[in-house]
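A quick write-up on the structure given underneath.
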Amino acid sequence: MENGNLSTVTVFVFTGFPQLKNGGLLYFFPLLFIYIFIVTGNLMIFFAVRLDTRLHNPMYNFISIFSFLEMWYTTATIPKMLFNLISEQKTISLIGCLLQMYFFHSLGNTEGTLLTVMAIDRYVAICNPLRYPNIMTPRLCAQLTAGSCVFGFLILLPEIVWISTLPFCGPNQITQIFCDFTPLLKLACTDASVILVQDVIHALAILITSLIISLSYIRIIVVILSISSTEGRKKAFSTCAAHIAVFLLFFGSVALMYLRFSATYTPFWDNTIALTFSVFAPLFNPIIYSLRNKDMKDAINKLICSQKVSNESHRSVD
C-alpha cells in the first residue's frame, strides 16, 4: 500500500470492556470500591508513617514511598477504566494512550526499583545489623528514593518518544483494558520484529530485577535460619515477611503479563491477567503491610483516633 493512501489513526477503541447494556455497570461499582480502598489504604499508610515518630526509620520510609507510588500507579489506569465501563464510546487519543503508558509503566518501574532498594535494606539490616545505622543513613535513604524515582521515569522516556514517531494507519482497536506496549505496537504500520525486540528488553529488565531481589531474600532467609533462638528467628523473619509477600505479588503479576513472549491467551484471560497486574496486586499491598505489622497497625489506629478526636472537637466548637 502506498504511504499516500494511508490514513493516520489518532483515536483508539478499547475492545476489552463489556458494553453498558451487557452488564458494564455491574463491574463499575466493584472496581470503584477497590479503587477507593487502594487510595484510602495507601494514604493511611503514608500519613501513618510520616506522623508517627516511632516509624521514622529506613524500612518504614521506603514502605510509605511505595504506598504513595502505588496510589498514583492505580490512578494512571483505573479512572479511565471506570469511565469506559459507563461510556458508550470506549476511546482514547494517541496522546492520551502514550501518556497513560508512560505514567503507568514509569510508576511501575519506580516501584520495582524501590522493591530492590527495600530488599537490599533488609539484607543489610539482618546480615550486617551492627553496621546498618552507619550504612542506611537518612541521607542515603533520600538518595535511594530520589534515584528510584528519577530512574523509573527517565528509563522509559526514549521508548515512549520512539513509539510516538511510529505511523498508525489502522485498525484502531486495542484488545486490552488499558494502553500497553504490545497491543499498541501491533497497530503500528511498521516491522513486527520491533515487538519481539521490545518484549526481550522488558523481559531482561524484569528477570534481572527479580533475580537481584530473590538473591537478597534467599541470603536473608539463610541468615535467619542460622539464628539459634526461636524468638530471634521469628522477630527477624517478621521484619521482611511483608516485603517478600509484596515482592512475590508484584513480580508474579508482572511475569504473567510480560514474560509470555509468543504465548497467546483468550481475551478473557488477557483481561484477567491485566486486572491482576493493575488492580488486584495493588489491592492487597495495604492489607499485607497493615495486617502483618503490629507497629503499622498501631500507627494507623493512632491516625484514625486522632482524626476522630479532631472531628469531635470541631463539632463541639460549632
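Residues Phe66 and Val117 fail the side-chain proximity criterion, which asks for heavy atoms closer than 4.5 Å. Side-chain contact between Tyr102 and Phe153 is present, with heavy atoms from C-beta onward closer than 4.5 Å. Residues Leu85 and Leu31 meet the side-chain proximity criterion, which asks for heavy atoms closer than 4.5 Å. No side-chain heavy atom of Val9 sits under 4.5 Å from any side-chain heavy atom of Leu187. Phe181 is listed as a side-chain neighbour of Ile163, based on a closest heavy-atom distance under 4.5 Å. Taking the side chain as every heavy atom from C-beta outward, Val11 and Ile92 never approach each other to under 4.5 Å. Here the side chains of Asn109 and Phe151 are not in contact, with every heavy-atom distance at 4.5 Å or above. Residues Leu207 and Leu259 form a side-chain contact, since some pair of their non-hydrogen atoms from C-beta on lies under 4.5 Å apart.
Residue Phe277 comes nearest to Phe178 through the heavy atom pair CD2-CZ, 4.3 Å, listed as atom of the first residue, atom of the second, then distance. Shortest non-hydrogen contact noted between Leu98 and Ile160 is O-CD1, 4.1 Å. Asp180 approaches His105 most closely through the heavy-atom pair OD1-NE2, 2.7 Å. When all heavy atoms of Arg50 and Asn61 are compared, the pair lying nearest together is NH2-OD1, 3.0 Å. Listed here is the closest heavy atom pair of Ile224 and Cys240: CD1-SG, 4.0 Å. Contact between Met81 and Ser278 at its shortest, heavy atoms only, is CE-OG, 3.6 Å.
Here disulfide bond (SG atoms under 2.5 Å apart) pairs that include residues 67-125, with residues two or more places apart or in two chains, are Cys97-Cys179. Judged as a side chain to side chain donor-acceptor pair (under 3.5 Å), not a single pair has a partner in residues 215-224 (not counting sequence neighbours). Within the structure, the salt bridge (Lys or Arg N to Asp or Glu O under 4.0 Å) test picks out the following pairs touching residues 267-289 (sequence neighbours left out): Arg260-Asp270.
Expressed to the nearest 0.5 Å, how far NZ of Lys302 lies from CG of Leu55 amounts to 9.0 Å. Of the inter-residue distances, the one linking Phe62 atom CZ with Ser148 atom OG reads 7.5 Å to the nearest 0.5 angstrom. Atom OG1 of Thr113 is separated from atom CD1 of Ile155 by 9.0 Å, given to the nearest 0.5 angstrom. To the nearest 0.5 Å, atom CD1 of residue Ile78 and atom CZ of residue Phe104 are 9.0 Å apart. With values rounded to the nearest 0.5 angstrom, Leu249 atom CG is found 10.5 Å from Leu115 atom CG. Remark: Gln100 CD to Ser93 OG distance equals 10.0 Å, nearest 0.5 Å.
Both Tyr73 and Val39 are members of a single hydrophobic cluster when ILVMFWY side chains are connected at heavy-atom separations under 4.5 Å. Cluster membership for Leu215 and Tyr123, using ILVMFWY side-chain heavy atoms within less than 4.5 angstrom, is not shared. No path of Ile, Leu, Val, Met, Phe, Trp and Tyr side chains, each step under 4.5 Å between heavy atoms, connects Leu140 with Ile212, placing them in separate hydrophobic clusters. By the criterion of side-chain heavy atoms lying less than 4.5 angstrom apart, applied directly or through intervening Ile, Leu, Val, Met, Phe, Trp or Tyr residues, Leu248 is not grouped with Val222; the two fall into different hydrophobic clusters. Linking ILVMFWY residues whenever their side-chain heavy atoms come closer than 4.5 Å, directly or via other members, leaves Phe83 and Phe103 in distinct clusters.
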Evaluate side-chain contact (heavy atoms from CB on, under 4.5 Å) for Val246 paired with Met118, printing each intermediate quantity in order. CA-CA 11 Å; Val246 170; Met118 292 161 74; over 6 Å; no

Where do Met71 and Ile38 land on the side-chain contact (heavy atoms from CB on, under 4.5 Å) test, with the steps shown first? CA-CA 7 Å; Met71 181 180 62; Ile38 291 171; 5.7 Å; no

Yes or no on side-chain contact (heavy atoms from CB on, under 4.5 Å) for Met136 and Met59, after CA distance, side-chain angles and deciding distance? CA-CA 10 Å; Met136 296 303 295; Met59 183 181 79; over 6 Å; no

After noting the C-alpha distance and the side-chain angles of Thr230 and Lys234, does the key distance pass the side-chain contact (heavy atoms from CB on, under 4.5 Å) rule? CA-CA 6 Å; Thr230 304; Lys234 185 178 179 181; 5.5 Å; no

Worked verdict on Phe251 versus Phe247 for ring pair (Phe, Tyr, Trp, His ring centres under 6.0 Å): CA-CA 6 Å; Phe251 279 95; Phe247 158 65; 5.3 Å; yes

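Ring geometry for Phe68 versus Phe46: interplanar angle of 30 to 60°, hence tilted. Ring geometry for Phe168 against Phe12 counts as perpendicular: the plane angle is over 60°, on a 0 to 90° scale with 30° as the lower cut.
Between the side chain of Asn271 and the backbone N or O of Ala274 there is no donor-acceptor pair closer than 3.5 Å. For Thr209 (side chain) and Ile206 (main-chain N/O), no donor-acceptor pair under 3.5 Å exists by modelled atom type. Under a 3.5 Å cut-off, the side chain of Asn128 and the backbone N or O of Val124 do not form any donor-acceptor pair. One N or O on the side chain of Arg233 and one on the backbone of Ser228 form a donor-acceptor pair closer than 3.5 Å. Checking side-chain atoms of Asn84 against main-chain N and O of Lys90 turns up no donor-acceptor pair under 3.5 Å. In this structure, the side chain of Ser253 engages the main chain of Phe250 through a donor-acceptor pair within 3.5 Å. No donor-acceptor pair under 3.5 Å is formed between the side chain of Gln176 and the backbone N or O of Phe14. Judged by distance alone, with hydrogens and angles left aside, the side-chain atoms of Thr137 form no donor-acceptor pair with the main-chain N or O of Asn134 at under 3.5 Å.
Looking only at atom types and distance, the side chain of Tyr132 has a donor-acceptor partner in the side chain of Asp121 under 3.5 Å away.
Partners of Arg54 according to the salt bridge (charged side-chain N to carboxylate O under 4.0 Å, His left out) rule, which considers only residues two or more places apart in sequence or in another chain, are Asp52. Taking the side chain to side chain donor-acceptor pair (under 3.5 Å) definition, one finds that Tyr35 meets it with Thr75, sequence neighbours left out.
Cluster partners of Leu130, using a side-chain heavy-atom cutoff of under 4.5 Å among ILVMFWY residues and allowing indirect links: none.
Put simply, the residue from Ile63, Val49, Asn42 that forms a side chain to side chain contact (heavy atoms under 4.5 Å, CB included) with Tyr289 is Ile63.
The environment of Trp269 atom CH2 is sparse: at most 12 non-hydrogen atoms of other residues, nucleotides or ligands sit within 6.0 angstrom.
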